[in-house]
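As structure tokens, the structure follows; a few thoughts come after it.
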2 protein chains.
Amino acid sequence: MQGVSGCVKLQPMSTIAKALGLLDLFSDAQPALGLTDVQRLSGRDKATVHRHLVALEQAGFLEQDASTRAYRLGPALTRLAGMRVRTVPEVEMLRTVIGNLSREAGELVHVSRLQGFDLVHVHHAEEHEHPVRVSFDAYGLPPLFATASGKAYLAFSPGGVLDLALADPRTRLPGAPAPQRIEIEAELKQIATRGYARNRDGLRLGVSSVAIPVFDAAGRAFATCSIAYPTGRGGKATEAHLARLLMQRGEEISQAMGGSVPQHIVQLWTPAQERAAS
Amino acid sequence: MQGVSGCVKLQPMSTIAKALGLLDLFSDAQPALGLTDVQRLSGRDKATVHRHLVALEQAGFLEQDASTRAYRLGPALTRLAGMRVRTVPEVEMLRTVIGNLSREAGELVHVSRLQGFDLVHVHHAEEHEHPVRVSFDAYGLPPLFATASGKAYLAFSPGGVLDLALADPRTRLPGAPAPQRIEIEAELKQIATRGYARNRDGLRLGVSSVAIPVFDAAGRAFATCSIAYPTGRGGKATEAHLARLLMQRGEEISQAMGGSVPQHIVQLWTPAQERAAS
DNA sequence: CTCCCCTGGTTCATTATGTGAACCATTGTC
DNA sequence: GACAATGGTTCACATAATGAACCAGGGGAG
């Protein structure tokens, strides 16, 4: 029954790859696996699997529950991941994932981090060949309420944050009237159920964008990722398309920055059929 | 020159262990290593090291900087660590590390998490043989200002938290007068420079304790770990000894819960001579 | 510019190392 | 008490890891 895996034996997979591959069998749905579970899922021989599991356990990548004998992810992972987050600059962590997103979206992608109520630029990527491009200022601090990013952040933060943001004049465009609390609340609620925030010509004429929050390890929004595009490039369909790409990459982006997306938002971002195919 | 490593060849280290061992060469001080760096540090052959590095990279445990060709810890670590934090209950994550601490301290060890200003019990360990033991109530919610844990948390949290805590009557013993702001501030400052909080007979007569905060991935205090002992068991020397054990394990404890200790506090907790020997 | 040394990376014969069918030991269920 | 799970171990076999020697590029120093 096993051994009929579709892949051709091009270059004989290293034992290291095989062992590390076992870690990918653990999931949110199945966080603890017994020896035979792993054996079944991997399709490899039981003895081999066992030796690999022991090796991974000795390195701290797995740990074994004393009573059930089941294996689960080990403490070395948190240790090393912590080190990575501390030592690798955010820009580096984001480069590939944001680059890919920009390439597949064909538009400008931004990541900003929140400092107080300022959206400070972290990284951007513009890997496309459109002759018409959106210009931007990496050093500007756009007001929260005038951007998709700002609204994405507020929509996925606890209620108190909105109160503080409304009280701060720097969160709106200079000269603009204070946003109506009731209207904003309705819009944020929409965003929270839709999964992403949008903005059409709100900050600069001719520039639209969609945005989602980025979550830290505790599941709190602390940054945002947005795709900006010339409003002329398309209507509702374009927006929906870009938003979908963005949400598909949402989990990857939070993970790249050392965080993780709360489960209920993962479900919001992942269409049911895609989730089924994993 | 190599091969003179002191360890006897009891059981020939698996290639998996060898490869995973390479990850331990990365540190806060040296977060990026070139091929020859790794080769030197590991003492293994260059070709071997290279194959291992490639295997680790392909699995996402390392990534290679495109320009410098140096390797650094990869994104798979944050992905798996996030999964571990989500799926493994806190109690499980803490069991071994807290158990060890209790064994070496010979006293009761507690971990509590902050929910609002309540210290809710997460896990405890009591791995010792003293005939005299400290009893405790896992379901009680002791007032912040009456415990070492509470003060440890406040001392390592931003200033605004103290204001809120002072305003809340639940943070003090029923019937007790409100703490004097100026005195509390002085004590917290002491704790912050000393590295740990202490309590002698403050909550219950005959029970003393020392405590440190536990930090999340963003370096914010969100829980505490304390050692409780009968006041009669010793004086200042005992307290200092237990506090030292606690601080030595501090980083491990935060890491076990998926967080990491801010660098300046690691230095506070680790005596200079110990840091040199790594 | 050439030489030299130091990188990162690759080759290929040798053999140590990982492999897996068959085996044992426990546990729990009918 | 038979049976079917589970986790774990053994040992002959051959696959996959090893490392000395090799290549290629890049940056100083002279």
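Because the structure is a prediction, the values reported are computed rather than measured.
Nearest nucleotide to the side chain of Arg51(A), out of dG8(D), dT7(C), dG20(C): dG20(C). Distance from the side chain of Asp45(A) is smallest for dG20(C) among the nucleotides dG20(C), dG8(C), dT9(D). Comparing atom distances between the Gln64(A) side chain and each of dT18(D), dG18(C), dG8(D) picks out dG8(D) as nearest.
OP1 or OP2 of dT10(C) lies within a sub-4.0 Å distance of a side-chain N or O belonging to His50(B). Thr36(A) has no side-chain polar atom (N or O) that falls below the 4.0 Å cut-off from OP1 or OP2 of dA5(D). Applying the 4.0 Å criterion to OP1 and OP2 of dG18(C), one finds that His52(A) has every side-chain N and O outside that range. OP1 and OP2 of dT18(D) both lie 4.0 Å or more from every side-chain N or O belonging to Thr15(B). Regarding contacts with the backbone of dT7(C), every side-chain N or O of Arg69(B) stays at 4.0 angstrom or more from both OP1 and OP2.
Using cut-offs of 30° and 60° for the angle between ring planes, the His124(A) and His110(A) rings count as tilted.
At a threshold of 4.0 Å, the pair Glu104(B)-Arg249(B) counts as salt-bridged, since one of the basic side-chain nitrogens sits closer than that to a carboxylate oxygen. A salt bridge is absent between Glu92(B) and Arg84(B): the closest approach of a Lys/Arg side-chain nitrogen to an acidic carboxylate oxygen does not fall below 4.0 angstrom. Using a 4.0 Å cut-off between charged nitrogen and carboxylate oxygen, Arg220(B) and Asp216(A) count as a salt-bridge pair.
In this structure, the helix from dC1(C)-dG30(D) to dC30(C)-dG1(D) shows an angle of 30° between the axis at its start and the axis at its end, each fitted on 5 base pairs and rounded to 10°.
Annotation for Gln30(A): atom CD does not count as buried by contact number, only 12 or fewer foreign heavy atoms lying within 6.0 Å.
Atom CD in Gln39(B) sits roughly 16 Å away from atom P in dT10(C) (whole-Å rounding). Here the C1' atom of nucleotide dG8(C) and the CG atom of Leu53(B) are 11 Å apart, to the nearest Å. Rounded to whole Å, atom P of dG25(D) lies 17 Å from atom CG of Leu35(B). Per the geometry, CG belonging to Asp37(B) stands 11 Å off C1' belonging to dG8(C), to the nearest Å. Look at CZ on Arg44(A): it is 8 Å from P on dT19(C), rounded to the nearest Å. Atom-to-atom, CE of Met13(B) to P of dA17(D) comes out at 16 Å; the value is rounded to the nearest Å. Atom CD1 in Ile16(A) sits about 13 Å away from atom P in dA16(D), given to the nearest Å. One atom, CG of Leu20(B), and another, P of dA17(D), lie 14 Å apart when rounded to the nearest Å.
For His130(B) (side chain) and Val132(B) (main-chain N/O), no donor-acceptor pair under 3.5 Å exists by modelled atom type. Proximity of a side-chain donor or acceptor of Thr87(A) to a complementary backbone N or O of Met83(A) within less than 3.5 Å is detected.
Between Ala47(A) and Thr48(B), it is Ala47(A) whose nearest contact on DNA chain D lies nearer the 5' terminus. The residue among Gly34(A) and Lys18(A) whose nearest nucleotide of DNA chain D is located toward the 5' end is Gly34(A). If Val54(B) and Arg40(B) are placed on DNA chain C by their nearest nucleotide, the residue sitting closer to the 5' end is Arg40(B).
When every heavy atom of Ala138(B) is checked against every heavy atom of His121(B), the shortest pair comes out as O-CB, 3.0 Å.
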